[in-house]
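Any value given below was found using the heavy atoms of this structure, including those in side chains, with hydrogens, waters and symmetry copies removed. Bear in mind the structure is a predicted one, so any value in this text is a computation, not a measurement.
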Amino acid sequence: MAFHIIPSLAALLVLAYLTYTYLVHPLFLSPLSRVSNAHWSAPFSPLWILYHRLYQNDTRAVHAAHTKFGPIIRLAPNELSLNCVDGGIRTIYAGGFAKGDWYSNVFSNYGVQPMFAMPEHGPHSKRKRMLSNIYAKSTLQGNEGVGRISRVLLHERLLPRLEASADTGKAMEVYDVFSSVTMDFVAAYVFGLKNGSDFLREPEFAKKFLKDYKARQLYTFWPQEMAGFTDFMGRIGLLGLIVPKWVTRSNHDIEDWIMSMCDRAEA
């Protein structure tokens with residue numbers, strides 16, 4: 001008789017555990033239970049915010065929730081959205097809070113976690129102090145190399161392109177032009193003028209690069225929000241079911257192109 005009770009008791013224990021973990025604790029005992037919910041399901045599941053992120057209307061949905069419920073709202077069991085400086089953003093950025101996995105999912109490249117994605121405040125601050133001077137305003141304004149880069153990009157690359165367009169009378173896509181200026185300037189500062197990009201004088205290459213780069217954003221949901229699932233689908237060869245193969249190729253092409261600038265700078 002006792003042997004028949006054991007399975008029932010085990011089932012009751014499992015049910016009690018699930019009830020406590022996924023119902024009682026998130027709804028009543030979690031510190032976040034005192035925060036207004038953006039959606040009724042927020043304490044139990046991230047599906048509401050994941051749905052909106054998948055269809056890229058999360059900004060509107062979250063803004064509407066803030067308008068209705070206030071500056072601090074709960075998006076998921078362990079995720080908040082803050083829309084205030086005092087008692088919100090300032091507290092987080094000045095309080096040494098650790099970053100979540102999202103940063104590593106989004107900003108890691110070549111399997112390496114960059115400074116921006118480092119989760120712990122201490123190591124991040126140490127690395128930041130090592131590099132911050134390079135990008136400080138005073139360093140940039142007084143750097144002779146930056147002055148030369150600016151002269152070359154503006155006078156030898158940008159102005160001739162603008163003049164050529166004006167002579168033909170054809171319309172110009174300024175987004176592509178100023179994206180090219182930005183890429184060329186940053187690449188020149190990091191890798192050197194001769195090793196960096198030359199989008200201003202290679203408009204077709206720049207146009208394809210920018211198109212591929214922007215088009216990938218339609219599929220960033222999976223590696224950003226569902227990193228474990230995306231990795232699993234890749235390992236079993238089914239990644240193409242959620243992310244088109246051309247996106248993976250574009251990612252590899254971009255990584256290879258950036259690595260080529262690194263190699264030229266080191267040569």
Legend entry - R90 side chain to Y93 backbone, donor-acceptor under 3.5 Å: no
Legend entry - N/O donor-acceptor pair under 3.5 Å between T67 side chain and H63 backbone: yes
Legend entry - NZ/NE/NH1/NH2 to OD/OE distance under 4.0 Å, D212 and K208: yes
Legend entry - Side-chain heavy atoms of Q141 within contact of V146, under 4.5 Å: no
Legend entry - Cluster link L239 to F232, ILVMFWY, side chain under 4.5 Å: yes
Inset, instruction - Grab the two heavy atoms, one from M172 and one from R161, that are nearest each other, plus how far apart they are. - result: CE-O, 3.9 Å
Legend entry - Residue pair H52 / N57, side-chain donor-acceptor N/O under 3.5 Å: yes
Inset, instruction - Could you tell me whether R127 atom CZ has more than 12 heavy atoms of other residues or ligands within 6.0 Å of it? - result: no
Inset, instruction - To the nearest 0.5 angstrom, please state how far the CG atom of D86 sits from the OG1 atom of T91. - result: 7.5 Å
Inset, instruction - Please answer whether the main-chain N or O of Q224 pairs with a side-chain N or O of N105 as donor and acceptor at a distance below 3.5 Å. - result: yes
Legend entry - Side chain to side chain, P123 and K126, heavy atoms closer than 4.5 Å: no
Legend entry - Considering all heavy atoms, the nearest P26-Y20 contact: CD-O, 3.9 Å
Inset, instruction - Using a cut-off of 6.0 Å, state whether more than 12 heavy atoms not belonging to Q217 lie near its atom CD. - result: yes
Legend entry - Main-chain N/O of S41 paired to S45 side chain as donor or acceptor, under 3.5 Å: no
Inset, instruction - Work out which heavy atom in G87 is nearest to a heavy atom in L82; give both atom names and the distance. - result: O-CD2, 4.5 Å
Legend entry - Backbone N/O of N133 and side chain of T139: donor-acceptor pair under 3.5 Å: yes
Inset, instruction - Give a yes or no on whether the backbone of L200 and the side-chain of R157 come within a donor-acceptor separation of less than 3.5 Å. - result: no
Legend entry - Exam field: side chain S30 to backbone H25, donor-acceptor pair closer than 3.5 Å: no
Inset, instruction - For the residue pair H121 and F97, establish whether any side-chain heavy-atom pair is separated by less than 4.5 Å. - result: no
Legend entry - Test item: F221 and Q56 side chains (from C-beta on) under 4.5 Å apart, heavy atoms: no
Inset, instruction - Return yes when atom OH of Y55 has more than 12 non-hydrogen atoms of other residues, nucleotides or ligands closer than 6.0 Å, and no otherwise. - result: no
Legend entry - Note, N83 side chain near I72 side chain (heavy atom, < 4.5 Å): no
Legend entry - Heavy-atom donor-acceptor pair, E173 side chain to Y175 backbone, under 3.5 Å: yes
Legend entry - More than 12 heavy atoms of other groups within 6.0 Å of Y22 OH: no
Inset, instruction - Mind telling me whether Y189 and Y135 have parallel, tilted or perpendicular rings, with 30° and 60° as the class edges? - result: perpendicular
Inset, instruction - Report the C-alpha separation of E225 and W102 in whole Å, then their side-chain angles, then the decisive distance to 0.1 Å, and conclude whether the side-chain contact (heavy atoms from CB on, under 4.5 Å) test is met. - result: CA-CA 7 Å; E225 306 294 339; W102 184 86; 3.3 Å; yes
Inset, instruction - Begin from the C-alpha positions of E79 and R53 and carry the test salt bridge (Lys or Arg N to Asp or Glu O under 4.0 Å) through to its verdict. - result: CA-CA 14 Å; E79 183 175 357; R53 286 171 179 163; 2.4 Å; yes
Legend entry - Side chain to side chain, M183 and L210, heavy atoms closer than 4.5 Å: no
Legend entry - Side chain to side chain, M115 and H124, heavy atoms closer than 4.5 Å: yes
Legend entry - Where R216 and W246 come nearest, the two heavy atoms and their spacing: N-CH2, 4.2 Å
Legend entry - Full working for side-chain contact (heavy atoms from CB on, under 4.5 Å) between V62 and H66: CA-CA 6 Å; V62 172; H66 276 300; 3.5 Å; yes
Inset, instruction - Measure from the side-chain N and O atoms of N37 to the backbone N and O of I73, and report whether any donor-acceptor pair falls under 3.5 Å. - result: no
Inset, instruction - Evaluate the ring planes of F116 and F107, with Trp represented by its six-membered ring, and classify them as parallel (under 30°), tilted (30 to 60°) or perpendicular (over 60°). - result: perpendicular
Inset, instruction - Can you establish whether the number of heavy atoms outside K99 located under 6.0 Å from its atom NZ is more than 12? - result: yes
Inset, instruction - Indicate yes or no: does R235 engage D231 in a salt bridge with an N to O separation below 4.0 Å. - result: yes
Inset, instruction - Taking all non-hydrogen atoms of both residues into account, name the closest pair between A117 and Y103 and its distance. - result: CB-O, 3.5 Å
Legend entry - Identified side chain to side chain contact (heavy atoms under 4.5 Å, CB included) partner of P244 from the options L241, V247, T248, I242: V247
Inset, instruction - Would you indicate whether the side-chain heavy atoms of R151 and E156 approach each other to under 4.5 Å? - result: no
Inset, instruction - Measure across S104 and Q113 and return the closest heavy-atom pair with its distance rounded to 0.1 Å. - result: OG-NE2, 3.4 Å
Inset, instruction - Verify the ring-centre separation between W257 and F199: is it less than 6.0 angstrom? - result: yes
